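Please read all numbers here as calculations on a predicted model, not as lab measurements. Residue numbering restarts at 1 for every chain, and letters A, B, ... go by the order of the sequence lines.
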Number of protein chains: 2
Amino acid sequence: MDRQQTHCCGARVDCANCGIRPIAICGALAPIALGKLAAIAGSRRVDAGAQLIQEGEHAQDIFTLTEGMLKIYKLLPDGRRQITGFMIPGDLVGLAYGDSYIYSAEAVTDIVACRFRRGSLLALMADHPELEHRLLSRAGNELAAAQAQMLLLGRKTARERVASFLLGLAGRLDLGQGEPMPLPMNRGDIADFLGLTIETVSRTLTLMRKAGQIALPDKHSVTIADLASLRAASGD
Amino acid sequence: MDRQQTHCCGARVDCANCGIRPIAICGALAPIALGKLAAIAGSRRVDAGAQLIQEGEHAQDIFTLTEGMLKIYKLLPDGRRQITGFMIPGDLVGLAYGDSYIYSAEAVTDIVACRFRRGSLLALMADHPELEHRLLSRAGNELAAAQAQMLLLGRKTARERVASFLLGLAGRLDLGQGEPMPLPMNRGDIADFLGLTIETVSRTLTLMRKAGQIALPDKHSVTIADLASLRAASGD
DNA sequence: CGTAGACTTGAACACTGTCAACTTGAGTGG
DNA sequence: CCACTCAAGTTGACAGTGTTCAAGTCTACG
């Protein structure tokens, strides 16, 4: 049950076979070829608000997030921003299209990430096809999330978007029963993730609070007070 | 220059080395392990308007589109629809999340697709890691497209969306100079792709026509009359 | 021709955005 | 400890883009 190994970057590696969700495992990659992965891995810390990667840059590294939260986003030339995802420990950051990163990534909180040189990882994959298999499965997950987000952005109302966002985050964060959910990102980030404005996000949260669907103990946490009602409000 | 091979499903296989874009190659997969791929491939024809796969269904097959156009989409329970992509020859359809398809796919025109049993393909990948590599690269492309579409849906105006759509499609379809671009999908499909209504799409196309940016010889074709202006109108 | 479906156009409306004022709370320094 | 400051968030009034609803128009097809 606790065949854990400590890794380069201090993350725990839970046994994939006994059903414990492998968090923070030099993320998506371990527990495959762990020793060899460790040999090519480095650690990287980034302060809240600082950037990890930038869209268009040469994609030299791939990261797996081990601590904290990261937002990935794209910008239009005039500054409009679309956050395409919030990454949590275990997530993979830096999949590239061709040679360049397809999005920028900025730390929401202080973060710790495991860094792999792209070249080294590719070389390692040649010997360990399971690694590539794992990456493909990961990419499938991301694609599924992206599709769901497109549905949200294209077809849901403000209320449905906020409800979906809260439920989606809660589902990924495995929280204790009744425990308030941390919302480390600010309202602007939520707005840019949901394709809304700060004001609309704020108003919608207030409405949900007044409707008894959620509680807002402080600006950076939420409690889901009425799960069924929130689900009904999410549109799906 | 014309080292072509004819394949199970009648598609041409252009030599990847001489720079010809490999269209309709049992799509994304060939020219890897062509013989073995051919051995496990089947052909599937679908009439315009009929469904190829359905969201949530057991994902038994993977397809590569060889002829025609396919739309992939997700639905909300109340019927709202988001089209997440239009597939053209060479594209891969049916990447799954876990065991189930994450979207439905319906033929826009009559189509021909190459069908691979998921299991057979997985088995073949065990012997040919390049196949998996190819799939991963394909998934990366799709992810990049999904991110761009999220930016469009979350942050662009109606005009920018339509302009981006036309430019994006034109970029994929390699057309002859001055040749009108076919738009086999109807206005409702475009609307559901861009997160707009039929009326807004229609109005916007009319505005663009009156502004001299495009011409609309008939309802199912467009000519880009002023590329620079259309680019400027696309927001990026 | 006549019909039906797809598309276009028009007018009124509504959801969300914009602009502006106000509140809150964390951090700072006297 | 308290006043001050500033950024983040909330709330309100109004405006605007895109939606909704409702007629028209076009075109393919019998």
Side-chain angles (χ1 to χ4, degrees), chain A residues 47-49 71 76 78-83 106 108-109 152-166 182-211 214-222 233 235, chain B residues 48-49 71 76 78-83 106 108-110 152-166 182-211 214-222 233 235:
Chain A
D47 291 340
K71 61 192 177 206
L76 287 175
D78 66 4
R80 280 173 289 172
R81 182 179 66 159
Q82 179 66 38
I83 293 184
E106 182 181 319
V108 173
T109 64
L152 179 150
L153 292 169
R155 287 298 177 223
K156 287 188 182 176
T157 65
R159 189 142 196 185
E160 290 169 337
R161 293 181 199 206
V162 174
S164 298
F165 166 65
L166 295 175
L183 281 186
M185 71 293 284
N186 59 32
R187 298 291 188 263
D189 291 338
I190 299 176
D192 281 348
F193 181 57
L194 299 179
L196 300 170
T197 59
I198 293 178
E199 293 92 330
T200 299
V201 170
S202 181
R203 271 188 259 271
T204 306
L205 286 172
T206 301
L207 282 175
M208 288 178 166
R209 181 174 54 69
K210 288 182 177 166
I214 59 172
L216 297 164
D218 66 277
K219 284 167 185 172
H220 289 288
S221 33
V222 202
Chain B
K71 61 193 177 205
L76 288 173
D78 65 5
R80 280 175 288 173
R81 181 179 67 158
Q82 179 65 39
I83 293 183
E106 182 181 319
V108 173
T109 63
D110 294 351
L152 179 149
L153 291 169
R155 288 297 178 226
K156 287 188 181 175
T157 65
R159 189 142 195 186
E160 290 169 338
R161 294 182 200 205
V162 174
S164 299
F165 165 66
L166 294 176
L183 282 185
M185 71 293 283
N186 60 31
R187 298 292 187 264
D189 291 337
I190 298 175
D192 281 349
F193 181 57
L194 299 179
L196 299 170
T197 57
I198 293 178
E199 292 92 331
T200 299
V201 170
S202 179
R203 271 188 259 272
T204 306
L205 286 172
T206 301
L207 282 175
M208 289 178 166
R209 180 173 55 72
K210 288 182 177 167
I214 60 172
L216 297 164
D218 65 280
K219 285 166 186 172
H220 290 286
S221 35
V222 201

NZ/NE/NH1/NH2 to OD/OE distance under 4.0 Å, A:R80 and B:E160: yes
Integer-rounded Å distance: C:dA6 C1' and B:M185 CE: 15 Å
Distance, rounded to the nearest Å, where B:L183 contributes CG and C:dA6 contributes C1': 14 Å
Side chain proximity check, B:L194 to B:K156, heavy atoms < 4.5 angstrom: no
Rounded distance (nearest 0.5 Å) linking atom CG of B:L205 with atom CG of B:L216: 6.0 Å
Interatomic distance where CZ belongs to B:R80 and P belongs to D:dT20 [whole Å]: 10 Å
Side-chain N or O of B:S202 closer than 4.0 Å to phosphate OP1/OP2 of C:dT9: no
Check nucleotides 12-16 of chain C against the protein and report each pair of N or O atoms closer than 3.5 Å, with its distance, or say if there are none.
| unit_1 | atom_1 | unit_2 | atom_2 | d |
| --- | --- | --- | --- | --- |
| C:dT16 | OP1 | A:A158 | N | 2.8 |

Nearest-angstrom distance from the residue atom CG of A:N186 to P of C:dT24: 20 Å
Nearest-angstrom distance from the residue atom CZ of B:R209 to P of C:dC7: 15 Å
Spacing between A:D189 atom CG and D:dA7 atom P, to the nearest angstrom: 17 Å
Check: C:dT9 base within 3.5 Å donor-acceptor of B:R187 side chain: no
Identified side-chain contact (heavy atoms from CB on, under 4.5 Å) counterpart of A:K210 within the set A:L207, A:T206, A:I214: A:T206
Sequence-aligned protein contact record of nucleotides 25-30 of chain D, with B where the base is within under 4.0 Å of a protein heavy atom and S where only the sugar-phosphate is: ------
Validation row: A:S221, A:L183 side chains within 4.5 angstrom (heavy atoms): no
Gap separating the CG atom of B:L153 from the CG atom of A:L152, nearest 0.5 angstrom: 10.0 Å
Spacing between A:M208 atom CE and D:dT10 atom P, to the nearest angstrom: 13 Å
Interatomic distance, B:I198 CD1 vs D:dA22 P [rounded to whole Å]: 16 Å
Nucleotide nearest B:E199 when distance is taken to its side chain, options D:dT11, C:dT9, D:dG9: C:dT9
Carboxylate-amine/guanidinium proximity below 4.0 Å for B:D189 and B:R81: yes
Point-to-point distance, once rounded to the nearest 0.5 Å, from CG of A:L76 to CD of A:Q82: 9.0 Å
Residues B:R187, B:D192: salt bridge by 4.0 Å N-O rule: no
Qualifying residue for side-chain contact (heavy atoms from CB on, under 4.5 Å) with B:R161, from B:I190, B:L196, B:V201: B:L196
Any B:V222 side-chain heavy atom under 4.5 Å of B:R209 side chain: no
Test log, rule side chain to side chain contact (heavy atoms under 4.5 Å, CB included), inputs B:M208 and B:R159: CA-CA 8 Å; B:M208 289 178 166; B:R159 189 142 195 186; 4.1 Å; yes
Any N/O donor-acceptor pair, A:R203 side-chain to D:dG9 base, under 3.5 Å: no
Overall bend - the helix from C:dC1-D:dG30 to C:dG30-D:dC1, comparing terminal axes fitted on five pairs, nearest 10 degrees: 30°
